[in-house]
Amino acid sequence: MNEAISLLSNYDESSLDAAFSTLAEEVRSETASLADVEAFRLRWLGRKQGRLKLVSEAWLKSAPADARKPLGMRFNQLKQQIEAALTDAETAPPALAAKAGIDITLPGSVRAPGNEHPLLKTMNEVVAVFHRLGYSTALGPQVESDFYNFEALNFPPNHPARDTQDTLVLAGQQTKASRDRLLMRTHTSPVQIRTMIAEAPPIRIVVPGKVHRNDAADATHSPVFHQVEGLCVDTNITFSDLKGTLDHAMKALFGSAVKTRFFPSFFPFTEPSADVQISCIFCAGKGCRKCKQSGWIELLGCGMVDPAVFASVDQQRVAQGKERAYDAAKISGFAFGMGVERIAMIQHGISDIGQFYSGDMRFLEQFA
Ligand code: PHE
């Protein structure tokens, strides 16, 4: 709202000069940093409440006859000043560049060339190790059905991993049969099933990809993380092949001095199952804080493919009109799965998993 214009007590020339120069000064200071041209136009030239309208009402109407002419002249000058300021504002180049004195002849800011994210780098390294052994890459969806993620992998119906405590399930699935319900895959193992249903042995695949679990984020957990899965199925595949393959892979990733050891473990889809540990790369196995003084670091899960998995694969193949190809009496295989974040953290001595997802250039640039 415009402030009121106070009445003139004197109409002699010097009083008029003083009154109008105050207004001219107001116009000048407002146009010095004119952000909203339209607001300025309204404030001064608005038909009902504009300041010029108020001036004409307060001063012109009550002016004595002989003051009309000098007053009118000054009034018109003020109006011209306002109109000139408006024309300037509308035709001037963008105010910012002009005011900030930007020199458009200076070179622009340089964009750093892109670089592989440390996680992708590690994931590609792992995959490359297996490519050199003759494996090829297979991929699968992140939104998966209960069948591929659990049922075909021999998880019993009430296995705790199926609990929503651990698994992120999609909404609105209750009306579907349990095996068709959709969820975010909790591991890359469903791609084992998809591949075996689609293809007969021999199979050698690695499966890099994102997986999801209903875990709270902390220094070593993230609800979204990455795995590389491996599957090898052929005739006469034994546990020694599994040990030799993974021992080779760990040496390729962490250096030839690294030792591996296999600990009994359990997964519903492998029998026997094992956890693979590598000798601590920080203390060469002597025992330190990183390996909790044990000299060993647990790195991945693995095992021989459980015959129950082959059976459900063949059942599915038959249902799709394909021949049986996974008779456990004739073929065998091994599988393994490893966490990419965990490997990258060990490779680079990173203690907080959150750094990978922070987008902080100071962190990422170290891997350039
Ligand atoms: N899928 C298992 C996990 O996410 C890892 C695994 C893969 C174990 C293949 C054995 C064989 O924990």
Side-chain angles (χ1 to χ4, degrees), residues 107-144 168 184-192 194-195 204-213 215 217-232 245-258 260 276-282 290 297-302 335-368:
S109 51
V110 179
R111 215 179 246 258
N115 188 54
E116 227 175 11
H117 188 280
L119 281 179
L120 264 189
K121 207 167 174 167
T122 295
M123 190 145 90
N124 288 337
E125 267 176 48
V126 176
V127 164
V129 167
F130 289 95
H131 280 182
R132 290 195 285 273
L133 293 176
Y135 286 63
S136 48
T137 296
L139 300 174
Q142 288 177 54
V143 176
E144 192 48 285
L168 294 161
M184 301 308 291
R185 69 175 178 193
T186 59
H187 51 180
T188 40
S189 302
V191 186
Q192 290 187 31
R194 289 179 172 275
T195 306
R204 282 175 184 78
I205 52 159
V206 267
V207 184
K210 249 183 201 120
V211 300
H212 306 250
R213 288 188 196 171
D215 274 338
D218 64 22
T220 54
H221 294 83
S222 159
V224 182
F225 61 105
H226 301 79
Q227 288 187 333
V228 176
E229 184 92 7
L231 175 68
C232 168
T245 303
L246 290 180
D247 186 71
H248 166 82
M250 294 303 115
K251 287 182 163 65
L253 287 173
F254 295 103
S256 54
V258 149
T260 52
V276 182
Q277 305 177 345
I278 60 166
S279 52
C280 179
I281 60 163
F282 301 104
K290 295 261 190 194
I297 294 179
E298 199 172 300
L299 214 54
L300 67 146
C302 66
F336 55 86
M338 54 190 109
V340 177
E341 276 78 353
R342 186 157 165 76
I343 294 174
M345 286 169 84
I346 293 168
Q347 279 181 324
H348 304 296
I350 295 164
S351 50
D352 180 3
I353 199 172
Q355 303 247 245
F356 289 126
Y357 320 116
S358 67
D360 187 336
M361 290 305 286
R362 293 166 303 179
F363 171 75
L364 295 172
E365 270 164 5
Q366 298 177 76
F367 305 93

Minimum heavy-atom separation for [X] to [Y], with atom names?
X	Y	result
Ser279	Ala257	OG-O, 4.4 Å
Ile350	Ala344	CD1-O, 4.3 Å
Lys121	Phe367	NZ-O, 2.9 Å
Asp218	His221	OD1-N, 2.8 Å
Ala335	Leu231	CB-CD1, 4.2 Å
Thr195	Ala138	OG1-CB, 4.1 Å

Test log, rule side-chain contact (heavy atoms from CB on, under 4.5 Å), inputs Val340 and Val228: CA-CA 7 Å; Val340 177; Val228 176; 3.8 Å; yes

Looking only at atom types and distance, does a side-chain atom of [X] sit under 3.5 Å from a main-chain N or O of [Y], one as donor and one as acceptor?
X	Y	value
His131	Val206	no
Arg194	Leu139	no
Glu229	Val207	no
Glu341	His226	yes
Thr122	Pro118	yes

What is the distance from atom [atom1] of [X] to atom [atom2] of [Y], rounded to the nearest 0.5 Å?
X	Y	atom1	atom2	result
Phe282	Ile297	CZ	CD1	5.5 Å
His187	Gln227	NE2	CD	7.5 Å
Ile281	Met250	CD1	CE	11.5 Å
Leu300	Arg342	CG	CZ	10.0 Å
Cys232	Arg204	SG	CZ	4.5 Å
Tyr357	Ser222	OH	OG	3.5 Å

Steps toward side-chain contact (heavy atoms from CB on, under 4.5 Å) verdict (Met184, Val224): CA-CA 10 Å; Met184 301 308 291; Val224 182; over 6 Å; no

Minimum side-chain heavy-atom gap [X]-[Y] below 4.5 Å:
X	Y	value
Lys210	Phe225	no
Leu299	Val276	no
Thr137	Ile205	no

Whether Phe130 and Tyr135 hold their rings parallel, tilted or perpendicular, with breakpoints at 30° and 60°: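 Because their plane-to-plane angle is over 60°, the rings of Phe130 and Tyr135 count as perpendicular.
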
Side-chain donor-acceptor pair present, Glu116, Asn124, cut-off under 3.5 Å: yes

Evaluation steps, side-chain contact (heavy atoms from CB on, under 4.5 Å), between Thr186 and His212: CA-CA 5 Å; Thr186 59; His212 306 250; over 6 Å; no

Passing candidate, side chain to side chain contact (heavy atoms under 4.5 Å, CB included) with Ile343, options Met338, His348, Glu125: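 Only match with Ile343 under side chain to side chain contact (heavy atoms under 4.5 Å, CB included): Met338.
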
Thr260 vs Leu246, side-chain contact (heavy atoms from CB on, under 4.5 Å): CA-CA, chis, key distance, verdict: CA-CA 8 Å; Thr260 52; Leu246 290 180; over 6 Å; no

Arg213/Asp215 ion pair, N-O < 4.0 Å: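 No, no charged N to carboxylate O under 4.0 Å.
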
